[in-house]
Asker: 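Handing you this structure, nothing more for now.
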Number of protein chains: 2
Amino acid sequence: MKHSQKHIDSLKSVREKLPKDEVLFELADIFRLFADSTRIKILFALKDEELCVGAICELVGMEQSAVSHQLKILREKCLIKFSQVGKTRLYSLADSHVSDILQMSAEHLSEEA
Amino acid sequence: MKHSQKHIDSLKSVREKLPKDEVLFELADIFRLFADSTRIKILFALKDEELCVGAICELVGMEQSAVSHQLKILREKCLIKFSQVGKTRLYSLADSHVSDILQMSAEHLSEEA
DNA sequence: TTATCATATGAACAAACATTCATATGAAAA
DNA sequence: TTTTCATATGAATGTTTGTTCATATGATAA
């Protein structure tokens, strides 16, 4: 027997409050999107303005290909969307949730004493 | 010349609003901690209660070693702390910021239509 | 002291990931 | 239609990361 009965009992109530695995996976998936400095920079750049891919490349200082790959990831997970104007695609945040998260996280950082 | 002058001009103002690279790296680092389902499960488990390592293992259904490795990461990044009671270590969240983030992220998910 | 229990840690390995390079698509201009 | 421009994508590669296995540490009980 690996663990005492006592601490197994107390686990029941904790386990009940715990989000389901499925939910935890989803959450981790979302956080993972913000867990890369290129992507988070892209998201901040799009926070207030629509931008084409070339502009995003300039801003993040990365090659067009690298940026496009990251844009694809952000698109597939519905964090960003685009509207096509001629040959160029104007990217923007998909909804206000994303900018809320960015806003909060930036505030969180500046609070650190 | 890769990009038109027009969109380079408009970049200036966007670039000024952009957090510094250093800040973006820090942010990505923090998000990365939440970007793994084992770690996020551990954090949720500790949200309301102090738990020893054995209990955490039971809850997340992972081996002691795997859990200890993740605890180390969370400790080093100051998301959790512990108090030692005899041989056992009682882990808990380091501060309320962490549970705030968990709370918000869970709410965010349940909002999704 | 020695044995035992709870936890930690180093090394190894596989899986996931970000970037690059080369090339493809697809829209507009020539 | 051919060329050019903006963006996308597949394959290859190096790096990072999570888990496992084996072992270490460090506290208590015997």
Asker: Just by protein heavy atoms under 4.0 Å, how would nucleotides 22-30 of chain C read 5' to 3' in B, S and -?
Answerer: B----BS--
Asker: Can you tell me how far C1' of D/dG10 sits from CD1 of A/I73, to the nearest Å?
Answerer: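 Answer to the nearest Å: 14 Å.
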Asker: Base, sugar-phosphate or nothing for B/S68? Non-hydrogen atoms, less than 4.0 Å.
Answerer: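 If one applies the 4.0 Å heavy-atom cut-off, B/S68 turns out to touch a base.
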Asker: Check side chain to side chain donor-acceptor pair (under 3.5 Å) between A/S68 and all other residues, then give those that pass, not counting sequence neighbours.
Answerer: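 Scan of A/S68 (side chain to side chain donor-acceptor pair (under 3.5 Å), adjacent residues dropped) gives A/Q64.
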Asker: Please report, rounded to the nearest Å, how far the P atom of D/dT25 is from the NE2 atom of B/H69.
Answerer: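 Spelled out: NE2 on B/H69 to P on D/dT25 is 15 Å.
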Asker: Please report the distance, rounded to the nearest Å, between NZ in A/K77 and P in C/dA16.
Answerer: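 Roughly 13 Å, once rounded to whole Å.
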Asker: Salt bridge (Lys or Arg N to Asp or Glu O under 4.0 Å) with B/D29: which residues, sequence neighbours excluded?
Answerer: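 B/D29 satisfies salt bridge (Lys or Arg N to Asp or Glu O under 4.0 Å) with B/R32 only.
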Asker: Give the rounded distance in Å between these two atoms: CG of A/L33 and P of C/dA16.
Answerer: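 Whole-Å distance recorded here is 16 Å.
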Asker: Kindly list each side-chain donor-acceptor pair under 3.5 angstrom involving residues 75-86 of chain B, sequence neighbours excluded, with atom names and distances?
Answerer:
unit_1 : atom_1 : unit_2 : atom_2 : d
B/R75  : NE     : B/Y91  : OH     : 3.1
B/K81  : NZ     : B/S92  : OG     : 3.2
B/Q84  : OE1    : B/R89  : NE     : 3.1
B/Q84  : NE2    : B/G86  : O      : 3.4

Asker: Base, sugar-phosphate alone, or nothing: which one does B/F82 contact when heavy atoms must sit under 4.0 Å apart?
Answerer: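 B/F82: no heavy atom of the nucleic acid under 4.0 Å.
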Asker: Which atom pairs, one a donor and one an acceptor, fall under 3.5 Å between side chains of residues 40-57 of chain B and the rest of the protein, sequence neighbours left out?
Answerer:
unit_1 : atom_1 : unit_2 : atom_2 : d
B/K41  : NZ     : A/D21  : OD1    : 2.7
B/K47  : NZ     : B/Q103 : OE1    : 3.0

Asker: Look at the side-chain N and O atoms of B/R32 and state whether any lies under 4.0 Å from the OP1 or OP2 oxygen of D/dT17.
Answerer: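 Checking D/dT17 against B/R32, a side-chain N or O does come within under 4.0 Å of OP1 or OP2.
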Asker: Rounded to the nearest Å, what distance is computed from the CG atom of residue B/L24 to the P atom of nucleotide C/dA18?
Answerer: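 After rounding, the reported distance stands at 16 Å.
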Asker: In residues 37-44 of chain B, which ones come under 4.0 Å of DNA chain C, going by heavy atoms?
Answerer: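 DNA chain C contact set from residues 37-44 of chain B: none.
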Asker: Relative to the 5' end of DNA chain C, which residue comes earlier, A/A35 or B/R89, by the nucleotide with the nearest heavy atom?
Answerer: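 Result: B/R89.
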Asker: Suppose we screen for side chain to side chain donor-acceptor pair (under 3.5 Å). Which residues come up paired with A/D95, at least two apart in sequence or across chains?
Answerer: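 Side chain to side chain donor-acceptor pair (under 3.5 Å) list for A/D95, sorted by chain: empty.
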Asker: Among the nucleotides C/dT20, D/dT19, C/dG10, which one has an atom lying closest to any side-chain atom of B/Q70?
Answerer: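 From the listed options, D/dT19 comes nearest.
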Asker: Do B/L71 and B/L90 sit in the same hydrophobic cluster, where Ile, Leu, Val, Met, Phe, Trp and Tyr count as joined when their side-chain heavy atoms come under 4.5 Å apart?
Answerer: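 They do not share one cluster, since no chain of ILVMFWY contacts under 4.5 Å joins B/L71 to B/L90.
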Asker: I'd like to know if the side chain of A/R39 and the backbone of A/F34 have a donor-acceptor N/O pair within less than 3.5 Å.
Answerer: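 No, because the side chain of A/R39 does not come within donor-acceptor range (under 3.5 Å) of the backbone of A/F34.
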